[in-house]
Structure formats: C-alpha cells, structure tokens
Amino acid sequence: MIWQDVLAKFKELFGDDGEIGVYFAPGRVNMIGEHTDYNGGHVFPCALTIGTYGVVRKRNDKKLRFYSMNFENLGIIESSIEDLKPEKEADWTNYPKGVIWAFGEKGMKVDCGMDLVLFGNIPNGSGLSSSASVEVLTGYILKNLFGFDVTNQDLALIGQYSENKFNGVNCGIMDQFAIAMGKAGHAIFLDTATLDYTYAPIKLENAKIVISCSNKKRGLGDSKYNERRSECETALSEIQQVVGINSLGDLTEEQFEQYKSAIKDEVRVQRAKHAVYENQRTVKAVEALKNNDVALFGELMNASHVSLRDDYEVTGIELDTLVEEAWKVEGVIGSRMTGAGFGGCTVSIVKDEAVDTFIEQVGKAYEAKIGYAADFYVVEIGDGPQKLA
Ligand code: GLA
C-alpha cells in the first residue's frame, strides 16, 4: 500500500509522536476541451485514481518542513509561514507554500507551521496536473488541520489563485476544479464562464482510457502557455470591436466566421478559431456520450488534436507521433494530446482487445522515431481529495 510507505517515511524523518494525518488528492486527465478554460469555454476532464499522497503534522512553531519522495535528492526543504514568497531554491515546495499564502490572502491565516511528506504516482511533468494535485491536496489539508470553512470548489479557486499569483502561471480553472470536484466513474462537464457543471458518467463498454506519456518534460512556466493566452485575449478584444461578447466561448462557429476579419493577424485568427471550435466540439462530444455514441466522441477527440496541432500549435513531434501512431491501430476509438501540450501526455480510448497491441505498436514506433521510450498507463476515473487516515 502506497500511503503506508509515505507514513513510514514521515515517521523516519520527523518522528511518530503527535497527531499525524494521511491525505490524497488525484491527478486529472482532460478528455476534450483543451485551451478553452481561459477562453470562457467548456472542458470535460476527470480525476484519476493516481495522484498525490501527503502525510502531515502541525508544529508548535512557524517552521515549514517539506520532503518529497519523488525528489529525494532535494532532501528536507525548510521555510517559514512568516516568510512566504516564491523562491527558485524552494523548488516544488513553492506549490504548497503558494497555497498557504493564498489562504492568508483570502483571510484564512495559517498560524503555525507543519511537517509534510509527499509522494505522487502521477508521472511528473506529464500534463496530468501533478502541480494542481499538490495544490488541492495542500488546500484540503489546511481545511482539515485548521478548520477553515471552504468547499471543494473554493479549494479549486484558491489553488488556481496560488498558481497564478504565487507561481506566475496564468492557468485556467480546469485542473484544480477537476481534482477538487472529482467523482469516480464520471467526467465533469464544466462551463468555465459560469462554473456551472454536471457530472457525466463515462461508460466505456469494452474500452479503456489509455494515457501515453511522451516523457518529454514540460514546465508550464517556460512553455508558450502564457503566450497563447495573451494571443487569445488580443483576438477577443479585436472581435469585441465589432460584436458585444464576453469571451471567445460565447461564439458559435458561424459567428466566428462572420466576425473573424476583425482580427488583424493571421496567427491570432488561428488561435481564436481553435478556442471557438474546440468549445463547440466539447459541447457536441458530451452530447454524443449522452447518446452512447462513443464513436462520435472519438472522432471529436481526433479533430481536437488536429486543431491543437495545426491552429493552436501546441503539440510538437512527440505528441503528434503518439497520436498519429495511435490512429493507425485498429480498435482505437479516439486519441488526442491532453493538458497544456508541448510535451506531456496523450489520451486515447482503446477497445479492450486492442490495448496490448496499442501499447506495443505505438511504443515501438515512438521509440524508433523519437529515440527514447514512451510510457503507457491504463487509468481509472477516481474521486476528489480524501483523508485516508
Ligand atoms: C493546463 C492549464 C489548464 C488548461 C490546460 C489546457 O493544464 O493548467 O488551466 O488551460 O493547460 O487546456
């Protein structure tokens, strides 16, 4: 059992006295609706059964001591609740620190330090939101340790706030929301303009969700994520000169074609086109799933990838190879990149009997072309954050 190992590590490093709590928050995969969440569009992610485990105990002083079993070489990283600022040397601990800071900003002051040991079985930097998982986990721990009156939806918003304001990545709400609000067996159909959401059961009869990890590392901070976001914002303000909308997510495909000439740059037209069409595809995909039309859902996933590759330009040779090789395998219902892109993972729906062939065939072709291996995970859809012990 994983959490018992993390608990044992905690006791080894920090002793076994006092009240020790064990917590979990999932990772997430987005099925469709990519780069729509900061454009007022829809997303369709789900929480996974893989995620981040945290073992924690309050301290009597102001010290924070963090240790990650994923980065043992970094050892124990110390800081203080009285001096919360992002620091390069603080490495991954900038995520939990950012959340403690964000609670303070929202009027919920953490008044003593803590010891925290983490272990994540989400492949790190894979685009399955290991950082959002740490953020929601931290928020959930603070709620439990200090009795703060916050909902899981609040935890998502606080996590996003900390990522935007403390860690400097202008991410949307999707990752933290998917993680904080996760429900086993269901994906979340979320309207990011209003935060209205519904749970949609994912009933894939005779098929599995397979994640292919490119092993090309990606850090959002140094990627072109913020650049895409500002391209969309500029395109929106250009369109707003000719029609009163709040976000690109307000437009249908037809309206976009009607107003796109207001955008003064061809590249921005492409970016905005993706945002509009991807949002509409997401709505159609959820409708298809409701009608048990998994084949149509898969086609929309494929179209999503093409748009992310050609119009939004966030894929790259690694993700394109994984997806294009997946499309060649009989029994693949749909395949696309997932998450921010520029590396990370793809998500595929694969018929049960084709899963082994898929892993072998795509794995071989990927290694031959890219020069190193991909990893494959058959995943299950899990619940949101929990206290395990
Ligand atoms: C990252 C961000 C999300 C979202 C996706 C792209 O995962 O954190 O907010 O924008 O990229 O869909």
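We count ligands from 1, going down the list as the structure has it; atoms in each ligand are counted the same way.
Residue R28 has at least one heavy-atom neighbour below 4.0 Å for each of these atoms of ligand 1: 7 (O). Close contacts between ligand 1 and M174 involve ligand atoms 4 (C), 5 (C), 12 (O) [criterion: under 4.0 Å to a heavy atom]. Close approach of ligand 1 to Y38 is summarised as follows: ligand atoms under 4.0 Å from at least one heavy atom of the residue are 10 (O). Close approach to G339 involves these atoms of ligand 1, each under 4.0 Å from a residue heavy atom: 6 (C), 11 (O). Every atom of ligand 1 is numbered from 1 in the order shown, and the set under 4.0 Å from a heavy atom of G172 is 9 (O). Those atoms of ligand 1 that come under 4.0 Å of a heavy atom in Y225, given as number and element, are 1 (C), 2 (C), 3 (C), 4 (C), 9 (O), 10 (O), 11 (O). When each atom of ligand 1 is checked for a heavy atom of C171 under 4.0 Å away, the hits are 2 (C), 8 (O), 9 (O).
Side chains of M181 and Y197 form a contact here, defined as non-hydrogen atoms less than 4.5 Å apart.
The cluster map of Ile, Leu, Val, Met, Phe, Trp and Tyr, joined by side-chain heavy atoms under 4.5 Å apart, puts M301 and L296 in the same cluster.
Listed by chain and residue number, V355, F376 satisfy the side-chain contact (heavy atoms from CB on, under 4.5 Å) test with I359 (two or more places apart in sequence, or in another chain).
Salt-bridge annotation for D383 and K183: absent, with no side-chain N of the basic residue lying under 4.0 Å from a carboxylate O of the acidic one. Using a 4.0 Å cut-off between a side-chain N of Lys or Arg and a carboxylate O of Asp or Glu, D17 and R57 qualify as a salt bridge.
Considering both main-chain and side-chain atoms, D37 comes within under 3.5 Å of ligand 1 through a nitrogen or oxygen pair. Annotation: S129 places no N or O atom under 3.5 Å from an N or O atom of ligand 1; distance criterion only.
Contact annotation: for Q176 versus ligand 1, there are no heavy atoms closer than 4.0 Å.
Counting Ile, Leu, Val, Met, Phe, Trp and Tyr side chains that sit under 4.5 Å apart, directly or through other members, V269 shares a hydrophobic cluster with L236, I239, V242, V243, I245, L248, L251, F256, Y259, I263, V276, Y277.
In this pair, F10 and F14 present their aromatic rings perpendicular. The plane angle is above 60°, beyond the 30 to 60° band. The aromatic rings of F119 and Y53 lie parallel to each other, their planes meeting at an angle below 30°, with 60° marking the opposite boundary.
With distances taken over non-hydrogen atoms, the option nearest atom 1 (C) of ligand 1 out of V43, L128, D175 is D175.
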